[in-house]
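In what follows, a single structure is set out as structure tokens and then discussed.
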Amino acid sequence: MTELITNSSPMQLGSLKTQRIMLLVIAALLPGISVASWFFGWGFLINVLLAAIFAIGLEAFALGIQKKPIKAGLSDNSALVTALLFGISIPPGSSWWLVFLGIAFAILIAKHAYGGLGQNPFNPAMSGYLFLLISFPLDMTSWQIPVNYPDATPLGWEGLQQSLLVVFPFLFSSTESMQATVDGMTMATPLIVSKMAGTNAILEAQQAGLNIFARTAETGWELMNIAYLCGGLALLALGIISWHIPVSIILTLAIVSGLFYSPHSSAVYGTPYLHLFGSATMVGAFFIATDPVSAATTNKSKILYGIIIGLGIYAVRVWGSYLDSIAIAVLFGNFCAPLLDHYCRPRIYGHPKQGLVSWLLGNRS
Amino acid sequence: MSSEAVARIARLKLRPHRIFGGIKPRAYKSSSLRSRILPCPIPDQLILSLRQHQGEAASPVVKVGDMVLKFQLLAEAENDSALNLHAPTSGKITAIAPHAIPGQSGQPELCVFLETDKQDAEIELTALPDYRAMSHLELLDLISQAGICGLGGAGFPSGLKLGDGIEKEIGLLIINAAECEPYITADEALLREFAEEVVSGAEILQKISLAPQCVIAIEKDKQDAIAALKPALRNSSIKLIALSAKYPTGGEKQIIQGVTGLEVPTGGLPQDIGVLVHNAGTAFAVHKAIIFGEPCVSRITTLTGAPLQTPKNFEALIGTPASYLLKICGLDKKQLTGAIVGGSIMGVELKNFDSPLLKTSNCIIAKSAKEFPQQAKEQACIRCGYCANVCPAQLLPQQLYAYSRSNDRLKLQDYGLADCIECGACAYVCPSNIPLVQYYRASKQEIKESMLRERQSEYWQSRFQTHQYRLKKNQEDKLSKRKKKKSAAGTKTENTFSREKARAEIAAAVERVKARKKKLIASTKLDK
Ligand code: SF4
Ligand code: SF4
């Protein structure tokens, strides 16, 4: 007989492991990341890559100082997912130090200070993002996009130079003329534009004769959201995430924005379409809010959690003073999650059915 | 109450209902179903544990050196939870000594060692093909005599279960043929070849339990067994219900939910809602016990796993060593990495290969490194909630896990640890390889122990309180005596203690003490 293997029951196990879940999440993010890079150029891609490198380094550091096994800790790929979500969320072309600070906050404070993977009450990527938004509001609202379109494509050589310049300014400290270009590279999401100027950027772009495949940042949002939506649907189909959170966020947002929108009033409220496809809604609903560790866990509480986040996104966007809202809404949802979980437990087999109130609260079989 | 339950069941429409949660693991059933059920040859030695199930051990009625015949009683059950044990074949008792048996604890049990003479000479049996003339209680007695227990794995004495059911009044008997766990095919093979006998056993069980309705429940995908059952049921009032195939449909609580839509109340038994569940293998054993008078000395057991060249179902004698069974199935020792008794989910590791087959051993799996790799290390719970989605008890395994780690007894109770059936579905899906069932077992054990400790300390506390009470009473006693002396009223019979609202036992104790103390006081007074 070969070497004996003793296991404990159940002896036969499923094959979906944490490591694979995280890899699949990363894979599902790739279409969105590709589309976003296509439109936003090198600045976006460099941010994402930089975040990934910092995250792996800092995760290894955090595990090391806690004397936890580094290789095993890194192998679950969770730091990589955090890095990608963070990298996607920050303005393209953010400075390297901004990325570093955000990731450091996400990994060291929001994750490891709470005890590491599985213990963190708040989504690390969004904590890092919000930390930057509060500490460096100016840097966090300037979107540095190469503006030379159509002369230079965002992923072209010139774009790369420009992006490297904004991300690593110390490399090019002497090029004054480049600095000038950079200053002009700021823009905002269509929703922000609509909030600030009372106009609908997508409509405007379309009226200006650009179709959605034109490589400008304004129309990029639409395609990018569709790409994230596809990735999210793939995760749903694979059973990695359940439908409860994304569906309830999207429905809530669609309904609320539909209720408040009227074409004749000021456009500040935005159409439901603009809310769903004009900002970071899809990546938020399918990838950020569904981060299992910090989300609600029972099916009923997940629905309520989604509704809270959907309302939060809308409220912050329309009535809040911050420019983007996914992070705030998700963190607020995280905050509510334990309470929701506590009150929305399924009725245990063999326990008596309860009255209407608890039924509404979710104790239905 | 119970007749209410029976009436409720009579009103129900018996059809497939949804069962909570569940998983669909790969089944690995086809290889052992390729051949028919074969009789296993008689080994040179049988090792018969006096404890065949999770109950009391039986006491031997034979001595070392005795020659015994097939079906002869070897050990007798001295109470309800024990099981009679009979000789599976003829031979000589060579020892009565502890030996390893398959099981969770791995503790050796006292076993009767039977050296077989290969004659297979039997004692005379009383066949009862005409059992219908007998009363249900007479039949029940025969079942108890035959040493039959639940052959599906749990091993509850069938006579005891039936008796309890009769007392509570039963509206529905379910014959559980779901066999949802991977690898095990004993019941499926049995139904394929002995459907008539199983139906006959079910009818006997129905007669004994006085259940107005009986259902055989099976998983939809067991087509051969269903095809064999249909003609067997043609002249019977027993219904066949095919449930959708998932694990753990065959759990007692789950099969009841699947057939009736009812749930066994928490902390209760199926009898409480007028339902009784017996396994198909048990029905077969009941058939043999009544119709032929044969006690339970063999069972159908699945031998399977990649290292076996000819996986199959054997009708094997109880007490056959596992190593013997594996060997005659063409064991390839090079591939073997261990063995499991039971299915691949709830089964337990076979620690000693010479462990004998028990009445409850429905399957032996020879493990290969490929099918059963070393389990990966436990990682952090990512709260994905997959476990909660598959839990047939609708628990939140991730919460139970957290509270089990933090030893939070109140929360564990609140989150229904006691309702966990330890099916392992949660651990099967857990992406972080957390051995959740192990945590729950440990917590249950801890809670049990600490409750025991508490009960003990309560006992001591009440002893202490009685003591305090006694002291106080003595004081009062003296005072009242003085008063009595003063008033010179000699109504000595007035019992000051009878006014007290103390519990009966305390009062009684105090009474005795009082008498003694009085004597003592009286004597000291005399001394003075
Ligand atoms: S399946 Fe495992 S990792 Fe997921 S919530 Fe349950 S215990 Fe945690
Ligand atoms: S072992 Fe317990 S907690 Fe886990 S799925 Fe089964 S019943 Fe639920």
Side-chain angles (χ1 to χ4, degrees), chain A residues 1-22 68-69 72-73 75-76 78 115-121 239-242 244 290-299 301-302 337-338 341-342 344-353 363-365, chain B residues 20 23 25-26 182 253 257 263-268 333-338 340 342 344-349 351 365 367 369 371-377 379-386 388-389 392-396 398-399 415-416 419 424-425 427-433 435 437-438:
Chain A
M1 194 193 312
T2 50
E3 160 206 19
L4 270 186
I5 299 178
T6 45
N7 284 334
S8 53
S9 63
M11 313 269 179
Q12 187 183 349
L13 294 176
S15 54
L16 188 61
K17 298 296 167 208
T18 302
Q19 196 177 350
R20 223 173 113 220
I21 293 176
M22 299 291 175
K68 290 185 182 170
S75 73
D76 62 36
S78 62
L117 180 64
Q119 306 293 315
N120 46 302
I240 305 290
I241 58 173
S242 70
H244 305 79
T290 53
D291 160 41
V293 176
S294 52
T297 101
T298 75
N299 289 344
S301 58
K302 276 181 191 166
D341 280 345
H342 185 81
C344 300
R345 286 185 263 165
R347 182 184 61 83
I348 298 172
Y349 177 106
H351 283 240
K353 297 193 165 81
N363 291 347
R364 200 168 54 110
S365 64
Chain B
F20 296 146
I23 52 175
R26 200 177 146 192
K253 290 177 166 182
Q257 187 178 36
E263 293 168 27
V264 180
T266 173
K333 285 204 170 176
K334 274 199 250 64
Q335 275 192 57
L336 188 72
T337 57
I340 299 168
S344 59
I345 301 201
M346 294 260 256
V348 295
E349 195 81 32
K351 294 188 184 96
I365 306 171
K367 296 196 300 180
E371 279 176 16
F372 296 92
Q374 188 78 53
Q375 278 168 6
K377 261 190 78 190
Q379 287 169 302
C381 167
I382 55 167
R383 299 175 54 78
C384 59
Y386 297 169
N389 281 335
Q394 295 263 280
L395 301 172
L396 298 173
Q398 71 274 43
Q399 300 300 105
Y415 277 78
D419 293 292
Y428 175 86
V429 294
C430 177
S432 291
N433 307 308
V437 183
Q438 265 55 252

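Labels below follow one simple rule: chain letters A, B, ... track the order of the sequence lines, proteins then strands, and each chain is numbered from 1. Keep in mind that what you see is a predicted model, and the values were worked out from it rather than measured.
- Checked by atom type and distance alone, the side chain of B:Ser344 never pairs as donor or acceptor with a backbone atom of A:Met11 at under 3.5 Å.
- In this structure, the side chains of A:Leu13 and B:Cys430 stay at 4.5 Å or more apart for every pair of heavy atoms.
- In this structure, the portion of B:Cys381 lying under 4.5 Å from any heavy atom of chain A is its backbone and not its side chain.
- Looking at heavy atoms from C-beta onward, B:Asn433 lies out of side-chain contact with A:Thr18 at the 4.5 angstrom threshold.
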Practice problem: Could you please spell out the steps behind the side-chain contact (heavy atoms from CB on, under 4.5 Å) verdict for B:Gln394 and A:His351? | Solution: CA-CA 10 Å; B:Gln394 295 263 280; A:His351 283 240; over 6 Å; no

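- For A:Thr298, the side-chain hydrogen bond (donor to acceptor under 3.5 Å, both in side chains) partners are A:Ser301, not counting sequence neighbours.
- Interface remark: B:Gln398 contributes side-chain atoms only to the contact with chain A (heavy atom separation under 4.5 Å).
- B:Ala427 touches chain A through backbone and side chain together, each having a heavy atom under 4.5 Å away.
- Each of B:Val429, B:Val437, B:Leu396 has some count of heavy-atom pairs under 4.5 Å with chain A, and the biggest count is that of B:Leu396.
- Using a 4.5 Å heavy-atom threshold, the side chains of A:Asp341 and B:Arg383 count as touching.
- Considering CD1 of B:Ile340 and CD of A:Gln12, their distance stands at 8.5 Å, rounded to 0.5 Å.
- The contact between A:Ile348 and chain B is made by backbone and side chain atoms together, counting heavy-atom distances below 4.5 Å.
- Heavy-atom distances place both the backbone and the side chain of B:Ile382 under 4.5 Å from chain A.
- Taking the side-chain hydrogen bond (donor to acceptor under 3.5 Å, both in side chains) definition, one finds that A:Lys302 meets it with A:Ser242, sequence neighbours left out.
- Closest approach of A:Pro10 to B:Tyr428, counting heavy atoms only: CG-N, 4.0 Å.
- Of the listed residues A:Ile241, A:Thr290, A:Asp291, A:Ile240, the one with more heavy-atom pairs under 4.5 angstrom with chain B than any other is A:Ile240.
- Between the side chain of B:Gln399 and the backbone N or O of A:His342, no donor-acceptor pair lies under 3.5 Å.
- Residue B:Tyr415 touches chain A through both its backbone and its side chain, counting heavy-atom pairs closer than 4.5 Å.
- Here the CD-CG distance, from B:Gln379 to A:Leu117, works out to 8.0 Å after rounding to the nearest 0.5 Å.
- Side chain of A:Tyr349 to main chain of B:Val264: a donor-acceptor pair is present (N/O by atom type, distance under 3.5 Å, no hydrogens or angles).
- For the options B:Gln257, B:Met346, B:Arg26, B:Lys253, heavy-atom pairs under 4.5 Å to chain A are most numerous at B:Lys253.
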